[in-house]
Structure formats: structure tokens, C-alpha cells
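Beneath this line is the structure, given in C-alpha cells, with notes to follow.
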Amino acid sequence: MDRNPSPPSSDAEDEQAAGDSIGNTVYSRHWLFSILTKLIEVISPEKSDSNSNHEEVQTELDEEMENDICKMWDMSMDEDVALFLQEFNAPDIFMGVFAKSKCPRLIEICVGILGNMACFQDICMSISRDDNLGQMLLQHLCDSDSPTLLETSRLLLTCLSQAEVANIWVERIRENPSVYDCVCFIMSSSTNVELLVKVGEVVDKLFDLDEELMLNWIKNGSCQLVGQSTDDSPEERPDFKIVPCVLEAAKQVRSDNPEGLDVYMHILQLLTTVDEGIQAIVQSPDGGRETWTLLYGLVCHELCQPDDPPIIIQEQKSVLASILSVLSAMFASQIQQEYVKRRKNMPLIGSLIRILQNTEDCGKRSFDNAKKSQPEETEKSGTVEEDFHLKILKDICCELLSNMLQELTKENILEGLNQGHLNEQKCSCAFQNLLPLYFTSVESFLEALREADQTLADSLEKRFPSLRLQT
């Protein structure tokens with residue numbers, strides 16, 4: 001079934017008896033209780049039943065049962081229904097499903113119902129504090145069924161997003177080395193974009209919540225999976241490293257899911273907030289080339305392109321900030337590497353200036369719009385509040401651009417001028433944004449520019465008198 005059926009209709013008269021509805025809903029307590037009873041029967045058939053062995057190993061649900069449980073899944077989005085399920089120990093029933101059922105669809109639905117129930121704080125607290133249930137759910141990250149993996153990831157993200165229980169899950173995950181291997185395996189091998197995005201969101205949330213866990217994952221190699229046979233020798237298990245796995249997932253989602261790309265770029269950015277993370281990137285077997293190449297390609301060939309309207313920067317400001325932050329950390333660490341050598345950086349420098357031009361354009365648009373909607377206030381102040389995320393992007397962009405400009409030689413600049421990556425307008429935009437904070441970098445660039453194009457250097461000095469005064 002591609003979609004879950006709608007909840008059962010309340011039109012039937014036999015479900016309208018007084019006191020039968022759940023809370024303020026029109027859903028029948030009797031009907032829902034009967035489905036929970038059926039679910040118990042599915043996983044606990046009578047011993048006298050001649051089909052007992054068949055029931056225990058069945059891998060498919062019959063259509064009627066699947067329809068009914070899917071209706072319960074939809075209904076569980078309602079808080080009154082979720083509380084009813086909690087009252088009648090549905091999580092314990094689902095634990096029985098996880099322990100005994102071999103039916104992937106049934107497990108998927110039960111995890112999905114728990115995910116809906118976890119949206120409500122008190123229920124989420126109860127689910128999270130049940131360590132047996134928590135351990136079972138983490139084991140499902142090692143499941144081979146993609147829909148079950150997706151629902152498990154959704155449930156984990158829901159719990160990690162609630163401050164009252166997030167630490168419970170962080171600690172539980174930290175104590176389960178298998179989670180690292182399972183997550184890395186998904187990121188490195190899955191082609192299911194929806195699953196990759198959700199798993200990425202879980203990793204992003206975990207790293208954001210707990211630096212210690214992130215450090216552990218950076219340092220991690222292979223760890224034995226929960227429930228894995230001890231006959232498997234360590235050399236037979238894959239040796240996962242976090243950076244290559246994140247890169248592989250980013251490549252899978254880059255074309256189909258901009259939000260997913262944003263998630264994985266933010267994971268990389270979080271890694272660069274600690275020295276160990278930067279080293280994990282730049283001291284990989286390829287010296288960080290794969291990371292640089294991917295991010296370089298995104299900035300120079302996919303995001304904020306010359307034929308895009310300037311307003312595109314509003315849609316891409318978050319992912320660009322993450323990418324440029326990683327590139328900046330790598331450039332500072334790996335300037336001696338061949339793949340970041342100066343002659344190859346002119347397209348990136350041109351892209352950075354274009355990003356700054358677009359942020360300026362958006363700022364002017366914001367001012368003009370504010371002037372129209374609030375003319376008196378704008379007239380008095382002469383400014384409008386700067387977009388916080390655009391400011392972050394601008395600051396990161398300026399830092400990277402300043403570091404790159406001061407490394408340019410006469411030959412690099414001539415190449416940039418010939419290829420159109422540099423001209424008077426672009427240099428003016430760069431100087432406007434870099435001065436006065438990055439005066440030393442601009443001065444170094446201007447010195448090299450004089451050797452390449454004295455006329456352009458003189459023109460820029462006239463437009464920025466502070467440079468002329470201090471040279």
C-alpha cells in the first residue's frame with residue numbers, strides 16, 4: 001500500500017453509543033480496542049492453533065488487518081487517541097511486535113504509530129524513559145527494511161527535538177556503538193533520498209546536541225552491531241569513517257533534495273567546529289580532495305549562478321553558509337595542497353564576489369520594501385534590520401575571500417581578469433565588503449594587482465581613499 005487509508009468513518013450507528021468516543025474525537029474506543037486485541041493475537045496465537053508456527057513466522061499482513069492498523073496509524077496523530085493508546089499499553093504491545101514479528105510492514109506501522117504518539121510531550125517522556133523499548137528501537141536502525149528505517153529515524157528525530165528527553169536518547173545512543181555503524185551504513189549505501197534526509201537530520205541533531213558524541217563518532221572505526229553473531233571477525237565488518245559516509249549521502253541527495261543537501265552540509269560544518277573534525281576531513285587518504293571538490297563544485301557550478309536572480313540567495317543562504325564555512329576551514333588547514341593552489345581558485349573567488357553582490361542586492365531590496373511599508377521609521381533611521389542569516393553568510397564569505405585574495409600572485413590575477421572572474425566592479429564589491437576589517441588582505445591583493453593591471457589598481461585606490469593613504 002502506497003498510502004495509509006483514512007481513519008474509520010464515524011457514521012456507523014453501532015459506534016455512536018454514549019461514552020464510546022475517544023476524548024473529544026468521533027473515534028470509537030471499542031473499535032480501537034478491538035484492533036489492539038487483534039494485534040496481540042497476531043503476535044501471540046493460541047498454542048492450540050494448528051497454524052501457530054505459521055503465524056510466528058509470517059512476513060505479510062492480510063489486507064483487512066493492514067487496513068485496520070493503518071487506520072490506527074492515522075488516528076494516532078490525534079492527542080486524545082495517542083493518550084488512549086498509551087492508557088491501554090500500546091507501547092508494550094508494540095514491543096511484543098518488535099520481539100516476535102517477522103513482518104516488516106507490521107513493524108513499520110508500529111514504529112510509525114509510536115512516532116506519532118511521541119509528538120506529545122508526556123507520551124514522549126514515557127516512551128523515552130522505557131529503556132527496553134528504547135533499545136529495541138535503536139536496534140531497528142540496523143533493519144534491512146527501508147520504510148522501517150525511515151519511521152525509526154522519524155521517531156528518533158521527534159524525541160531528540162524535545163528538550164525534556166533529548167539527553168536520554170543522546171546517552172542511550174552514546175552507549176550503543178551499533179548506532180554509529182548502522183547510520184554510517186545507511187549514509188554510505190542507501191539510494192533512498194527520503195531516508196537519507198531523515199537520517200541526516202538525526203545525525204545533525206545529535207552533533208548539535210552533544211559535542212562529546214560527535215567527537216566519539218569522528219574517532220570511531222568499526223564497532224560490532226547489536227545482535228551480530230560473534231562468529232563475525234572484526235576484519236569482515238566494514239570500517240566506517242564519518243566524513244566519507246556524509247559525503248556519499250550528500251552526493252545522493254544533492255540533485256533531488258535541496259533541504260537534504262543543506263542538512264549534510266551543516267553536518268560537515270559542525271565537524272569543523274572541533275580540531276578533530278577538521279583533521280578528519282583534511283587527513284583522509286585523499287587529503288580532503290573529495291570534500292573540496294564536492295563543495296567547490298556546488299559553489300562554482302550549482303548554487304548562486306550568474307543567470308540566477310539575486311533573490312536566490314535568500315533560498316540558499318543556509319546551505320551556502322555551511323559550505324563556505326567548511327571551505328574556509330579547509331583552506332586555512334590545507335593551503336599547501338595541490339587542489340587548493342591559487343591558480344585554480346579564480347572561479348571560486350568569482351563565485352564568492354557574486355554571493356556578496358547578491359547579498360547587497362537583497363539588502364537594498366529590504367530597505368526599499370521597508371521604505372514603502374514604514375516610510376517614516378525608515379526615513380528616521382536610514383537603515384533596516386539586517387537579515388541575520390544573510391549577515392552570517394556575508395561574514396563567512398568575507399573571511400574566506402580575504403584569505404584567498406592575499407595568496408594571489410600577479411599571474412593568478414591576470415588569469416582572473418582574462419576569464420572575467422575579476423574586474424573593476426567585482427573588485428569594488430569585494431573591497432566594499434572587506435574593508436576595514438580585512439585591510440591587510442586587501443592591501444596584499446592590491447599590491448599584486450598593481451603588477452598585473454596598474455590602471456585598475458589606480459582606479460580602485462581612487463574609489464577607496466583609505467588604501468591610498470596607507471600605502
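Every value quoted in this text rests on a predicted model; they were computed, and no experiment measured them.
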request  = To the nearest 0.5 angstrom, please state how far the CD atom of Gln162 sits from the CG atom of Asn167.
outcome  = 13.0 Å

message = Please check: side-chain N/O of Thr272 versus main-chain N/O of Gln269, any donor-acceptor pairing under 3.5 Å?
response = yes

task = For the residue pair Asn257 and Glu194, confirm or rule out a side-chain donor-acceptor distance under 3.5 Å.
result = no

ask   = What are the two closest heavy atoms between Ser28 and Ile22, and how far apart are they?
value = O-CD1, 3.9 Å

message = I'd like to know if Glu164 pairs up with Arg129 as an ion pair, taking the criterion as any Lys NZ or Arg NE/NH1/NH2 lying under 4.0 Å from an Asp or Glu carboxylate oxygen.
response = no

Test item: Trp169 and Val202 side chains (from C-beta on) under 4.5 Å apart, heavy atoms = no

task = Check step by step if side-chain contact (heavy atoms from CB on, under 4.5 Å) holds for Gln305 and Arg354.
result = CA-CA 8 Å; Gln305 293 302 290; Arg354 183 166 59 251; 4.1 Å; yes

message = Give me the atom names and distance for the closest heavy-atom approach of Gly260 to Val197.
response = CA-CG2, 3.7 Å

ask   = Which heavy atom of Ser76 sits nearest a heavy atom of Ala82, and at what distance?
value = O-CB, 3.9 Å

query = Using 4.0 Å as the upper bound for N to carboxylate O, is an ion pair formed by Glu360 and Lys394?
reply = no

task = May I ask you to decide whether Glu151 forms a salt bridge with Arg154, counting only side-chain N to carboxylate O separations under 4.0 Å?
result = yes

key: Asn24 atom CG: more than 12 heavy-atom contacts under 6.0 Å   = no

query = Is Met265 close to Leu295 at the side-chain level, that is, under 4.5 Å between some pair of heavy atoms?
reply = yes

task = Answer whether the closest heavy-atom distance between the side chains of Glu399 and Asp395 falls below 4.5 Å.
result = no

ask   = Is the backbone of Leu270 close enough, under 3.5 Å, to the side chain of Thr273 for a donor and an acceptor to pair up by distance?
value = yes

query = Any donor-acceptor pair under 3.5 Å linking the side chain of Thr37 with the backbone of Phe33?
reply = yes

task = Output the distance between atom CD1 (Ile323) and atom OH (Tyr296), rounded to the nearest 0.5 Å.
result = 14.0 Å

message = For Phe240 and Tyr180, I'd like to know if the aromatic rings sit close, meaning centre-to-centre distance below 6.0 Å.
response = no

query = Can a donor-acceptor pair be found between the side chains of Gln86 and Ser126 at a distance below 3.5 Å?
reply = yes

Between CG on residue Leu196 and OG on residue Ser189, distance to nearest 0.5 Å = 8.5 Å

key: Minimum heavy-atom distance between Val165 and Cys124, given as atom pair plus value   = CG2-SG, 3.7 Å

request  = Evaluate whether the separation between SG of Cys142 and SG of Cys182 stays below 2.5 angstrom.
outcome  = yes

query = Within a reach of under 6.0 Å around CD of Glu276, are more than 12 heavy atoms found that belong to other residues, nucleotides or ligands?
reply = yes

ask   = How far apart are the C-alpha atoms of Leu106 and Leu39, what are their side-chain angles, what is the distance that settles it, and do they pass the side-chain contact (heavy atoms from CB on, under 4.5 Å) test?
value = CA-CA 9 Å; Leu106 178 58; Leu39 194 55; 3.5 Å; yes

ask   = Are any side-chain N or O atoms of Asn433 and backbone N or O atoms of Cys429, one a donor and one an acceptor, separated by less than 3.5 Å?
value = yes

query = Is the closest side-chain heavy-atom distance between Phe331 and Trp292 below 4.5 Å?
reply = yes

key: CA sep, side-chain torsions, deciding dist, call: Val111, Phe94, side-chain contact (heavy atoms from CB on, under 4.5 Å)   = CA-CA 8 Å; Val111 177; Phe94 298 153; over 6 Å; no

message = Under a 3.5 Å distance rule, please check whether Thr359 uses its side chain to pair with a backbone N or O of Leu356 as donor and acceptor.
response = yes

note = Shortest non-hydrogen pair, Ala99 vs Met136, comes out as CB-CE, 3.8 Å

task = Would you please say whether a donor-acceptor pair under 3.5 Å links the side chains of Ser178 and Asn176?
result = no

ask   = Do Leu390 and Cys362 have side-chain heavy atoms sitting under 4.5 Å apart?
value = yes

ask   = Any donor and acceptor pair, going by atom type alone, linking the side chain of Gln314 with main-chain N or O of Ile312 inside 3.5 Å?
value = no

message = Please check: side-chain N/O of Asp68 versus main-chain N/O of Met65, any donor-acceptor pairing under 3.5 Å?
response = no

ask   = Do the charged groups of Lys391 and Asp387 touch, with an N to O distance under 4.0 Å?
value = no

Spacing of CG belonging to Leu155 relative to CD1 belonging to Ile127, to within rounding of 0.5 Å = 6.5 Å

Ser351 side-chain N/O to Pro347 backbone N/O, donor-acceptor pair under 3.5 Å = yes

key: Donor-acceptor side-chain pairing of Glu108 and Thr148 below 3.5 angstrom   = no

inquiry  = Determine whether a donor-acceptor pair (N or O, by modelled atom type, separation under 3.5 Å) exists between the side chain of Ser284 and the backbone of Ile281.
reply    = yes

message = Among Leu294, Leu400, Leu268, which residue satisfies the side-chain contact (heavy atoms from CB on, under 4.5 Å) criterion with Val326?
response = Leu268

query = Between Ser34 (side chain) and Trp31 (backbone), is there a donor-acceptor pair under 3.5 Å?
reply = yes

message = If the test is side-chain contact (heavy atoms from CB on, under 4.5 Å), which one of Asp143, Val199, Asn192 qualifies with Leu149?
response = Asp143

request  = Output the distance between atom CH2 (Trp73) and atom CG (Leu114), rounded to the nearest 0.5 Å.
outcome  = 11.5 Å

ask   = Should the pair Asp145-Arg105 be classified as a salt bridge under the 4.0 Å nitrogen-to-oxygen rule?
value = no

task = Locate the shortest heavy-atom distance separating Gln252 from Val193; write the atom from each residue and the value.
result = O-CG2, 4.0 Å

ask   = If you round to the nearest 0.5 Å, how far is CD of Glu201 from OH of Tyr264?
value = 9.0 Å

Check: Gln357 and Asp361 side chains under 4.5 Å, non-hydrogen atoms = no

task = Could you tell me whether Asp275 atom CG has more than 12 heavy atoms of other residues or ligands within 6.0 Å of it?
result = no

request  = Begin from the C-alpha positions of Leu156 and Leu141 and carry the test side-chain contact (heavy atoms from CB on, under 4.5 Å) through to its verdict.
outcome  = CA-CA 10 Å; Leu156 289 177; Leu141 284 174; 3.7 Å; yes

Of Asp210, Asp131, Asp130, the residue whose pairing with Arg172 passes salt bridge (charged side-chain N to carboxylate O under 4.0 Å, His left out) = Asp131

request  = Inspect the surroundings of CD in Glu64 and state if more than 12 heavy atoms from other residues, nucleotides or ligands are less than 6.0 Å away.
outcome  = no

ask   = Do Leu85 and Met117 have side-chain heavy atoms sitting under 4.5 Å apart?
value = yes

4.5 Å side-chain heavy-atom contact, Ile242 and Asn220 = no

task = Check salt bridge (Lys or Arg N to Asp or Glu O under 4.0 Å) between Glu171 and all other residues, then give those that pass, not counting sequence neighbours.
result = Arg174

